[in-house]
Amino acid sequence: MQDSPLHDGPGPDSEPQALQLPQVLVLGTGGTIAGVAPASSTATGAGYTAGVLGVEQLLAAAPGVQQHARLQLRQLCNIDSKDAGPDLWLQLAREVQAWRARPGVAGCVITHGSDTLEETAYALDCLLEPGEPVVLTAAMLPAAALSADGPRNLFDAVRVAADSSAAGRGVLCVAHGRVHAARDVGKERPARIDAFGSGERGPLGFIGASGLRFTRQPVGPQAVRVALPAAALQPAWPRVELVCSHAGADGALVRALLAASRAGMLQPPLQALVVLGTGGGTVHEQLQAALDEAQAAGVRVQVVPRTGPCEGGEFDGLNAVKVRVQLLLQGLALA
Ligand code: ASP
């Protein structure tokens, strides 16, 4: 996809002033923030299609953003993030890395669907050194809906990416005036405009009329750093599946996966299982028997609470999908 040129800040009359503004790359990937509703329901946004508008159109709906940064825009893809795959993480990480290598750049914003934002954010946290701010943002209402939240979220995300006080804090998510850490953030309230939360830890800070304010430091272990593979190498992702313990969980699903994997019907074969356990991580005895068989066959089994993030240990603060992201990245082989 094509780069758009740098968009200078306050306008042609104030060129020298614009050149002093921080440089921010905005990468578009799709999502509701780029969504369009049918003409009959534009106001409510009902029945919209995610990932339609280009990043240039999204910025045009956020007037004033050029007062805060010189922008370079790049459309990487335009998808509903429910359909995202792990190759997108590598693509994004490479774009950010290349941007950071340029002299004098401030930060980077990624517009993304809200559904899997937490997975992409955490993957980037593992793939990128903490450095210039990398800020993901999203929206719960499509672009032209009444009170659409996308323009404000994008405006705020650019301000955070342009702010040097946001550097070195790992990958961030900005939505609804809050700044979240990639490790903590989740789509906690999918039917509400303030969909994102950071569980009991709460956001890292806030962005509003009075600017950016961080109220706490990131906690928990640093993201496990995974070296970003060279673009020329073909990534071979391992198979890491999620299963859930629940009333009547008899392990049939796990045995079916194992049998298919052994028979060569699952490509790639099963490498790990993330098990959403009841309570703090208990597992139905019948499911446990199947998991023991999986483990004996060389499959890594990682039990996490189905009620929220892990507490303590290697995966402290990570929910099940982020544990899966980490295992995927750690098992990434290259051809
Ligand atoms: N399904 C959409 C997506 O994740 C939802 C959103 O962006 O809010 O792309």
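Ligands are counted one by one from 1 in listed order, and the atoms in each one are counted from 1 as well.
Here the heavy atom of the protein found nearest to atom 9 (O) of ligand 1 is S81 N, 2.7 Å. The shortest contact between atom 6 (C) of ligand 1 and any protein heavy atom is with T32 OG1, 2.7 Å.
By the 6.0 Å contact criterion, CD on E188 is enclosed, its count of non-hydrogen atoms from other residues, nucleotides or ligands being greater than 12. Heavy-atom contacts from other residues, nucleotides or ligands closer than 6.0 Å to CD of Q267 number more than 12.
Under a hydrophobic-cluster definition in which Ile, Leu, Val, Met, Phe, Trp and Tyr are linked whenever side-chain heavy atoms come within less than 4.5 Å, directly or via other members, V275 and V240 are assigned to different clusters.
Close N/O approach between H112 and ligand 1 is not found [any backbone or side-chain N/O within under 3.5 Å]. In terms of N/O distances under 3.5 Å, ligand 1 is approached by A139. Among the atoms of S114, some N or O lies under 3.5 angstrom from an N or O of ligand 1. The shortest N/O to N/O separation between D80 and ligand 1 falls below 3.5 Å.
For the pair A84 and ligand 1, no heavy-atom separation below 4.0 Å is found.
For the residue pair D292 / Q288, a side-chain donor-acceptor distance below 3.5 Å is found, with atom types taken as modelled. In this model, no donor atom of one side chain and acceptor atom of the other lie less than 3.5 Å apart for T29 and H112.
Contacts of R100 classified as side-chain hydrogen bond (donor to acceptor under 3.5 Å, both in side chains), with partners at least two apart in sequence or in another chain: E132.
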